[in-house]
Each structure stands twice: as structure tokens, then as C-alpha cells.
Amino acid sequence: MFVSDRMTRDVVTIDESGTVREAAELIAERRIHQLPVVREKQCLVGIVTDRDLRSVHDPEMMAGPVSAIMSRDPITVWPGSPLEDALLLLYRHRFGALPVTVAAAPDCCLGKGMHRLVGIISRTDILAALIEMLGIEEAGTRIEVELPEQSAVAVVGVINAVAQTQTRVVSLTLSGPRGRQSRRLYIRLSTIDPRRAIDALREAGYTIAHPSCDLI
Amino acid sequence: MRTGWLTHPRYIEHDTGQGHPERPDRLRAICAAVEKAGLLDRLTVIEPRAAEEEHLLAVHEKDYLERLEAACKTGARYIDVPDSAICRDSHAIARLSAGAGLAAIDAIMDGRIDNAFCAIRPPGHHCEVDRSMGFCLLNNAAIAARYAQRVHGLSKVLILDWDVHHGNGTQHIFESDPTVFYCSLHEHPSFCYPGTGYAWEKGEGAGEGATLNIPMPPNSTDAEYQEAFFSRFLPAARQFDPDLVIVSAGFDAHEDDPLASEDLTQACFDWMAKRTKELARQCSGGRLVSLLEGGYNLDVLATCVVSHLQILLQESEEEDLMLLKSGLG
Ligand SMILES: [Zn+2]
């Protein structure tokens, strides 16, 4: 899955000649938290956030240009990047959303090497993608299988055991604490009756993890 | 009380194939136990009829009904998902299963009986408007609720679903309908099929507040279920003040059921049945139709159903007395 699959293409923007007040109104009206600032509609020059705007109290500043308070050269992501790149950037920088850009044409108003805005990707877009990848909203039963080792053979063993029972798999994720040998395979099975799959897994020597009910 | 008993030999002919938990033996076990307990003389036997097309269409899309019929005719082994196994007669039998609730409601409204239990299969609560899920081919409870409203003018219907699985189909059908209150107690969606029924699902639009989900952690006990039932379900149900109570009665939250992980004993199912009957007496003139959903341990299922029937048969005075004695009144 790539950024272009999940980004919003119809981006709300403000021209760099707009005022801080106009930016604040746009953010309130369109219920957004980040507002890219552009020149000639699509050349990205900066970004303002609702937080930047909340810190402006001076009426003179409110009437002044938005370019005075925006962050210049914002961090952007390429539409062809894997979704993981956007996820990492949003997580590391604690951003709410990232402008998605491509290199501007050589005759760009901003000059060579500048960014043309093609979309925006937010935390919510990423969460929606994760929900889809994990199949959380699809009917099924979720099980967690302990993997004794991090080898592909162990994973194949799990898949073979499930395949024997002709159970449909909604999603499959491998994860585990970093630096540890043991991993878990999270599987969502499209059935009301996971017993056959669980029995087959146990027979193949795997352990099914159980929830600790004290924590619920 | 005059309690209706609705079942049909054809329910056994719904062949789900080898090793399928929703199997004909479920009904064989129930019927044998009911006979052995000598209940048949005390029950009012009512023959289910096949639910008419117009009543199915009040809930399901025509497209789905046609798909179901065609799948059975062509000898498909399942419809939509492998869980929902079918045989050539499954379409006809599913209509007969949905029709039991309709016949029960007719008999209650005619004054022939006070309440009823329908020992039916295939079950219904997972079935959506347009597709089958989790063993369910037609949404029996939803079809009965709509029928009660349209044909008998019972305006407010409560559907209580204590099957261990969330009744996604029933919830979605009535999600934006304030006249049908859907309440479900089920194993928490993070741990159990189908993965819906979070507490925050409360209905939509005009139906907001007319859906109540009470997800229970795995390994919940009688006491925990009773507490949830008493403090969360009953007050909401009384406030809704239904004209008819329909129970989606699954017995798979029992500790010995193989499909899920709750730890109820028969005593809890009995307790919930008594409270529900009491609620129907207070709000709905005693009108209560109980429909079989899940329950996959044959012995547990048979014993629980017999006890459920005995509770439905009990006279209210008798019940009051028992409650006083047990200190639960
Ligand atoms: Zn169930």
C-alpha cells in the first residue's frame, strides 16, 4: 500500500498572500488541523496548523500574511512512498498530517527543486488503512499463535495447519517485541468456529496465546 | 401458562455436512429431552408454516433471497461463507424456520397461548439483509419482529439476544429503527466472532439509543452476567416498554459449549428467562416468543431448553412465590 492509495487529493489550501484570519476561518470551517500554504495554487511554500493559529492573539498579526507564521520547507512525503514512510514521519515528528508532494516542473514559480502539492495524508488515513489491513471490521475470530522462532519455516507451519482446515484467512500479521526471539502471529479467521484451525495448530506443536482477563 | 411449542421434522433435514457444529443432532437432542421430561402434554403444539415471501422481504433483499434459493437448487455446499453450509432443501427449511416465529405470534395474538419457544434451525441472528453469515440463512428474529409490527400492529418490539455471539444481522437491520430495541449480551468482540457489538454501537440516526450492546469478557460467570443483565439491560428494557418480547435464545455461553469461552451454567439461563418473562408480564401483557439460536454441546443444549420451557410454562403466581422464597424478588 502506497501513500497515493490513502491520501486525500482534494486538499484545502491557502494562498501565501492570505491573512492569518483567513487561515483561521478555513481551519474552523473545514474542520481541519493543518493547512498547506501555496503559491499559484499548487506550489507548496509552507504549512500552518491550528496550534500555530491559536498562539496568535495580536490583532495586527491576525490581519497580516499567513506566510509570517507558517512553517517553511515542511517535511513532505512522496505519493509513491510506502505507507510505512508516512506512518514513521507522522509518528516521529508528532505531526497530524503530511503534505504529499512531487518535484515541481523546472519552470516552477518557486524555482528548481521545489514541491508541487498533490495531496495530504493524515493520522486518520493511516489508522483507516491499518484497520483495513488487520481486517478488524470484517467478520471473524481472532487468534494469536506463539512462534518459537522467527523463521519463515515457523510461519509456513502455521499457514499449512490453517490451510488443512480450509478456513478462510481475513488477515495475518507477524509481530513481537524487538530483539526477542519469540514472535506472535495474529490471524483473523473468517469463521464462527475456529476450533478446527486451533486444533490443527496445536497438533502441529504451536501454542495459542490466551487473553489475560484480569487486564480487561 | 399456555406455552407454545414450535418445531418441525424438516428442520433436521437441513444438512450442514460432516463435522459442522450446527448439526441436525441439536434438534434431535432437544426433542428427545422435551419428550422425556414429559413436557409435550403440557405444551401447546403449534405447527410452523413457511414464512411468506412478503414477510421475508420486509427484512431481506430480494436479490439475496434469490441467491439463496439458487445456491440450494444448484447443489452448492455453502452460501457466502463456508460457515453457512447448505443442502438442496435448506432454502425451504430456512423459510420454515423463519415461519415458526410468525405462527407463534399469531397464536399469541389469537389468545391460544401466552408465550412460545421455537426449536428451530437454521439459526438467524448473524444473517444480514443481503448476505448469510455464521450458520444463519434468514434472520428469524428480525422477520418475526417486523411481522408483529406489520400484521398485528404491535408497535414496539424488544429483541433480547443472549447467544454468546453478537447478533450483527439483527443489529444492522434495526440500527436506525427506534421501534425495535435490540439488546445483546455476548462475548467481547475482540475475542469472539463476529467482531461486532462493541458497547459504543448504540444505534444510528432515529434509532440512536435503541441498540444496547453488553460485551462480556471471556470466562464471565453467572454472577457477572446477572449483574450486567440486572443493572444495564433491565432498566433500559423497562424504559423502552415493549409490546412484544422476542428472545434470540442461544445457549452457547454455557461453560461447556465448544465454540466460545464464557463460563455460564444452566442456572444463569434459567435466571435470565425468569427475568425476561417477568419483564414481558410487566410491559407486554406476557407476550414473549423465544427463538433458538446457537448452542453446540448437545447435552447442555437439551437440558437448557427443557428448563427454559419449564420456566415459560410456570404460572406467574407460582413464580412470585418462588422468587419470594429465594429472596430474589
Ligand atoms: Zn452463537
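Just so it is clear, the model here is predicted, and its values are computed rather than measured. Computed from heavy atoms alone, side chains included, the values below leave out hydrogens, waters and symmetry copies. Naming: A, B, ... by sequence-line order, numbering from 1 per chain.
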request  = Under 4.5 Å heavy-atom distance to chain A, tell me which part of S261(B) shows up: side chain, backbone, both or neither.
outcome  = neither

task = Nearest 0.5 Å please: distance from the NE2 atom of H165(B) over to the OG1 atom of T141(A).
result = 7.0 Å

Atom pair CG (D193(A)) and CD (E22(B)), whose distance is rounded to the nearest 0.5 Å = 11.5 Å

Would you say [X] has more than 12 foreign heavy atoms packed within less than 6.0 Å of its [atom1]?
| X | atom1 | answer |
| --- | --- | --- |
| Y91(A) | OH | no |
| M1(A) | CE | yes |
| H33(A) | NE2 | no |
| Y186(A) | OH | yes |

ask   = Are P82(B) and Q166(A) close enough that some pair of their side-chain heavy atoms sits under 4.5 Å apart?
value = no

Of the non-hydrogen atoms in [X] and [Y], which two are nearest, and what is the gap between them?
| X | Y | answer |
| --- | --- | --- |
| V81(B) | R168(A) | CG1-NH1, 4.3 Å |
| R196(A) | G19(B) | NH2-O, 3.8 Å |
| R188(A) | G195(B) | NH2-CA, 3.7 Å |

Part of E138(A) lying under 4.5 Å from any heavy atom of chain B = backbone

